[in-house]
2 protein chains.
Amino acid sequence: MPRGDAPAELILEVALRLFARNGVAGTSLQQIADALGVTKAAVYHHFRTKSALVAAVLAPAFDEVARATAAARTVPDLAQRRRLLVHDLAANAVGNRAVYAVMLRDVAVGAVLAEDSARAATAAFDELHALLIGPDGTPATVVRVGMFLSGLAAHTADATLATMADDDLRAGIVEVGEALLGPW
Amino acid sequence: MPRGDAPAELILEVALRLFARNGVAGTSLQQIADALGVTKAAVYHHFRTKSALVAAVLAPAFDEVARATAAARTVPDLAQRRRLLVHDLAANAVGNRAVYAVMLRDVAVGAVLAEDSARAATAAFDELHALLIGPDGTPATVVRVGMFLSGLAAHTADATLATMADDDLRAGIVEVGEALLGPW
DNA sequence: GTCTATATAGAGATAGAC
DNA sequence: GTCTATCTCTATATAGAC
């Protein structure tokens, strides 16, 4: 998936839209090709397998997670670190709702991640998880972190959130983050 | 799906386990039949379509939601109503993790619900949503409710929560509910 | 880089014997 | 109530022409 390849970029956009709406397993390459007005073979010219296409669709989100994790890693104070992560994650999740919906909610993504060209992605996510929890591994804290992360994709299953303006949704997520992981 | 039909009950259990692990779209009737040690035709004798099987798997959870909604409907005070719903939902979600995971996280369920033998189920869920929000429809409140509900299935995407003891997880969910929707 | 055509496998679903 | 066998359709994926 070369940089700046317009056809490939277009495939990724269309595929993401369909993955978010119907799930990865519920979206065939035929549907993607139809939505693009090309044939399946044209799609296969850009991505060797469906799995590679899924990985390419998710890659930007994984990169964002990796960047947020790297930034948070350098903040020793737990409260400040959580504040940074909550703000980053809220902005990222709202800024690209569809990819976060697929990444956080679609069970089929697990299979792609296990395929282990994506081990870096899972490692970054695990580290982010640990950075949010901090040294206190009590069940109460673990549940707070888990429910906050899960809630980053709440807009997918909630019609009211789905149509909410970006600013309101982002502010709401930050507020929830502070209620659960603050004060900071 | 007759009551007390042992084979049908067994099919539902096995199907739920596979749906929760691999998603509805990622689970074929062949896989379900193999896990049961029977053929596809035997499964089709109990459920006319895959969609009917999915609906039957989810029915107990929809009934629980309907009961919790009916109970909450009679509580006029918002704080007390939220307290009741948070406790009910936490107990239900932890008591049957797999079915809540499928119901809240699987995009393929949306298609089954749209099929509209299940309109009662969506109506109950919509009312529950409204009962949790109350008269205050500000974005902040809507996001709190949406993220809490989404978080009821957090155990699916979080290995630490997946292995957490029922009591700890339920208490954690209640605590998150109070932090987001309390005090009561 | 996109096409037609096809290989192969598996999906959902049904018929009819036992 | 379960089986074998089969239908039809669609899935992923590939070969090779243009």
Side-chain angles (χ1 to χ4, degrees), chain A residues 1-19 21-58 102 106-115 117-118, chain B residues 1-19 21-58 102 106-115 117-118:
Chain A
M1 36 242 116
R3 294 271 165 181
D5 188 333
E9 292 292 321
L10 195 55
I11 293 172
L12 292 178
E13 281 174 37
V14 168
L16 171 58
R17 208 177 60 220
L18 292 171
F19 288 162
R21 186 177 308 156
N22 305 321
V24 169
T27 303
S28 68
L29 290 196
Q30 185 66 65
Q31 288 175 286
I32 294 168
D34 288 349
L36 286 161
V38 298
T39 63
K40 278 188 297 179
V43 177
Y44 273 107
H45 179 261
H46 294 278
F47 302 95
R48 306 176 77 123
T49 64
K50 183 180 179 181
S51 204
L53 172 57
V54 174
V57 165
L58 295 175
V102 176
D106 200 313
V107 281
V109 170
V112 175
L113 290 183
E115 248 172 35
S117 50
Chain B
M1 34 243 115
R3 294 270 163 179
D5 189 333
E9 292 292 321
L10 195 56
I11 293 171
L12 292 178
E13 281 174 39
V14 168
L16 171 57
R17 207 177 61 220
L18 292 171
F19 288 162
R21 186 179 308 156
N22 305 320
V24 169
T27 303
S28 69
L29 290 198
Q30 186 66 65
Q31 289 175 285
I32 294 168
D34 288 349
L36 286 161
V38 297
T39 63
K40 276 191 298 181
V43 177
Y44 272 108
H45 179 261
H46 294 278
F47 302 96
R48 305 177 78 127
T49 64
K50 182 181 180 181
S51 203
L53 172 58
V54 174
V57 165
L58 294 176
V102 176
D106 198 313
V107 281
V109 171
V112 176
L113 290 183
E115 249 173 33
S117 51

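When reading the values below, keep in mind they use all heavy atoms of this one structure, side chains included, and skip hydrogens, waters and symmetry mates. In what follows, chains are A, B, ... by sequence order, proteins preceding strands, each numbered from 1.
- Between B:Q30 atom CD and D:dT10 atom P the separation is 20 Å, expressed in whole Å.
- Regarding A:Y44, its OH atom lies at a distance of 8 Å from the C1' atom of D:dA11, rounded to whole Å.
- What separates CG of B:L29 from P of D:dT8 is a distance of 20 Å, to the nearest Å.
- Using a 4.0 Å heavy-atom distance criterion, A:T27 is classed as a sugar-phosphate-only contact.
- Taking atom NZ on A:K40 and atom C1' on C:dT8, their separation rounds to 12 Å, with Å as the unit.
- Contact annotation: A:H45 does not reach the phosphate of C:dC3 (side-chain N/O to OP1 or OP2, under 4.0 Å).
- A straight line from CD1 of B:I11 to P of D:dG1 spans 10 Å, rounded to a whole angstrom.
- For A:T39, no side-chain nitrogen or oxygen approaches OP1 or OP2 of C:dT2 to under 4.0 Å.
- Under the 3.5 Å distance criterion, the side-chain polar atoms of A:K50 are matched with a main-chain donor or acceptor of A:V24.
- Atom CG of B:L36 and atom P of D:dC3 are 10 Å apart (whole Å).
- For the side chain to side chain contact (heavy atoms under 4.5 Å, CB included) test, residues two or more places apart in sequence or in another chain that qualify with B:A42 are B:V38, B:T39.
- What separates CZ of A:F47 from C1' of C:dG1 is a distance of 14 Å, to the nearest Å.
- Residues A:A41 and A:S28 each lie close to DNA chain D; by heavy-atom proximity, the contact nearer the 5' end of the strand is made by A:S28.
- With hydrogens and angles disregarded, no donor-acceptor distance shorter than 3.5 Å links the side chain of A:E13 to the backbone of A:L10.
- Per the geometry, CG belonging to B:L53 stands 12 Å off C1' belonging to C:dG12, to the nearest Å.
- Proximity of B:L113 to B:L58: side-chain heavy atoms (C-beta onward) are nowhere separated by under 4.5 Å.
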